[in-house]
Amino acid sequence: MIAKLRGKIEYLKDNYAVVDVNGVGYKVYLSVYTFGKVAGLGNVDIYIHTYVREDTLALYGFLSLEEKEMFELLISISGIGPKASMGILSIATPKTIRTAILNEDPSILTKVSGIGKKTAERVILELKNKVADMTVGEKEEAVIDSDAIEALVGMGYSVAEARDALKMVPVDVKDVGARIKQALKNLGKK
């Protein structure tokens, strides 16, 4: 099983990249966030989930182990496949997804095409005990960042740009509006 690839991005198209590893090209499906991050890179290290079914063999790539682990938790739920899991990871960070699950808030999950309220509630029910390792401060921060990301994307920035700009905002800035303003300043410096 393939667990990690290190190689050169040969080309990007739609929702996947072809990663050249010593002359062999691997087609790796990516979330919108990961796609945005690898677009400007020549060489990458990508954590891989090898998805095997009787009619499918596909590679799904992630820049962090945290993102890969969340993907694997999501696809372990009946009715959530790789496409829906990648959709969820495209709109929210693993921390934000964990927060939504712990707060029993299906709204983030239902933003993804193909995931209705019942499926979102099943995700929450099945994953609540598996993701219960967050502190109260992390929960608040994730909820605030989820709102800020949504606002920045609404202003025309990509999910990757919004996440990166918010990472540079000091953690002591708690107000959503203040975090958005600081993120916009960070985006202006690029």
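- Residue Val32 is not grouped with residue Tyr29 when hydrophobic side chains (ILVMFWY) are merged at heavy-atom distances under 4.5 angstrom, including chains of intermediate members.
- The distance from atom CD1 of Ile9 to atom CD1 of Ile46, rounded to the nearest 0.5 Å, is 4.5 Å.
- The OG atom of Ser64 sits 8.5 Å away from the CD atom of Glu69 when rounded to the nearest 0.5 Å.
- Nearest heavy atom pair, residue Val28 against residue Gly61, reads CG1-N, 3.3 Å.
- Taken to the nearest 0.5 Å, the CG atom of Leu41 stands 9.5 Å off from the CG atom of Leu12.
- In this structure, Val123 is a member of the same hydrophobic cluster as Leu102, with clusters built from ILVMFWY side-chain heavy atoms closer than 4.5 Å.
- The nearest pair of heavy atoms linking Ala183 to Val169 is N-CG2, 3.8 Å.
- Taking all atoms of both residues into account, the shortest heavy-atom contact from Glu66 to Pro94 is CG-CB, 3.7 Å.
- By the side chain to side chain contact (heavy atoms under 4.5 Å, CB included) test, Val24 is found to be paired with Tyr26, residues two or more places apart in sequence or in another chain being considered.
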Test side-chain contact (heavy atoms from CB on, under 4.5 Å) applied to Met155 and Ile180, step by step: CA-CA 11 Å; Met155 292 179 202; Ile180 292 169; 3.9 Å; yes
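- Once rounded to the nearest 0.5 Å, the distance linking CG of Leu109 with CD1 of Ile124 reads 5.5 Å.
- Clustering ILVMFWY residues whenever any of their side-chain heavy atoms sit less than 4.5 angstrom apart, transitively, puts Ile77 in the very cluster that holds Leu89.
- The CD atom of Glu67 sits 8.0 Å away from atom CD1 of Ile97, with the distance rounded to the nearest 0.5 Å.
- Using a 4.5 Å cut-off on side-chain heavy atoms (C-beta onward), Lys117 and Arg122 make no contact.
- Relative ring orientation between Phe71 and Phe62 is described as tilted, the plane-to-plane angle lying within the 30° to 60° band.
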Run the side-chain hydrogen bond (donor to acceptor under 3.5 Å, both in side chains) check on Thr96 and Thr99 step by step: do they pass? CA-CA 5 Å; Thr96 304; Thr99 303; 5.9 Å; no
Step by step, work out the side-chain contact (heavy atoms from CB on, under 4.5 Å) result for Glu126 and Ser76. CA-CA 9 Å; Glu126 291 187 31; Ser76 71; 5.8 Å; no
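- Tested against Arg6, the residues Asn43, Asn22, Asp45 include a single side-chain hydrogen bond (donor to acceptor under 3.5 Å, both in side chains) partner, Asp45.
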Could you walk me through whether Leu187 and Tyr157 pass side-chain contact (heavy atoms from CB on, under 4.5 Å), step by step? CA-CA 9 Å; Leu187 286 164; Tyr157 293 100; 3.6 Å; yes
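- Between Tyr60 and His49, the ring planes lie tilted relative to each other; the angle falls in the 30° to 60° range.
- Taken together through direct or relayed side-chain contacts under 4.5 Å among Ile, Leu, Val, Met, Phe, Trp and Tyr, Val18 and Tyr51 form part of one hydrophobic cluster.
- To the nearest 0.5 angstrom, Lys128 atom NZ is 3.0 Å from Glu104 atom CD.
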Assess the residue pair Met168 and Gln182 against the criterion (side-chain contact (heavy atoms from CB on, under 4.5 Å)); give the C-alpha distance rounded to whole Å, side-chain angles, the decisive distance to 0.1 Å, and a yes or no. CA-CA 9 Å; Met168 293 187 283; Gln182 185 64 46; over 6 Å; no
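- The closest donor-acceptor contact from the side chain of Ser90 to the backbone of Met86 lies under 3.5 Å.
- Checking side-chain atoms of Thr34 against main-chain N and O of Leu30 turns up no donor-acceptor pair under 3.5 Å.
- A donor-acceptor pair under 3.5 Å is formed between the side chain of Asp105 and the backbone N or O of Ser107.
- Counting Ile, Leu, Val, Met, Phe, Trp and Tyr side chains that sit under 4.5 Å apart, directly or through other members, Leu125 stands alone, with no cluster partners.
- When side chains are defined from C-beta on, Leu152 counts as touching Leu184, because their heavy atoms get closer than 4.5 Å.
- Note on Glu10 versus Lys27: no salt bridge recorded, every NZ/NE/NH1/NH2 to OD/OE distance being 4.0 Å or above.
- Under the 4.5 Å side-chain contact rule for hydrophobic residues, Val44 and Ile2 share a cluster.
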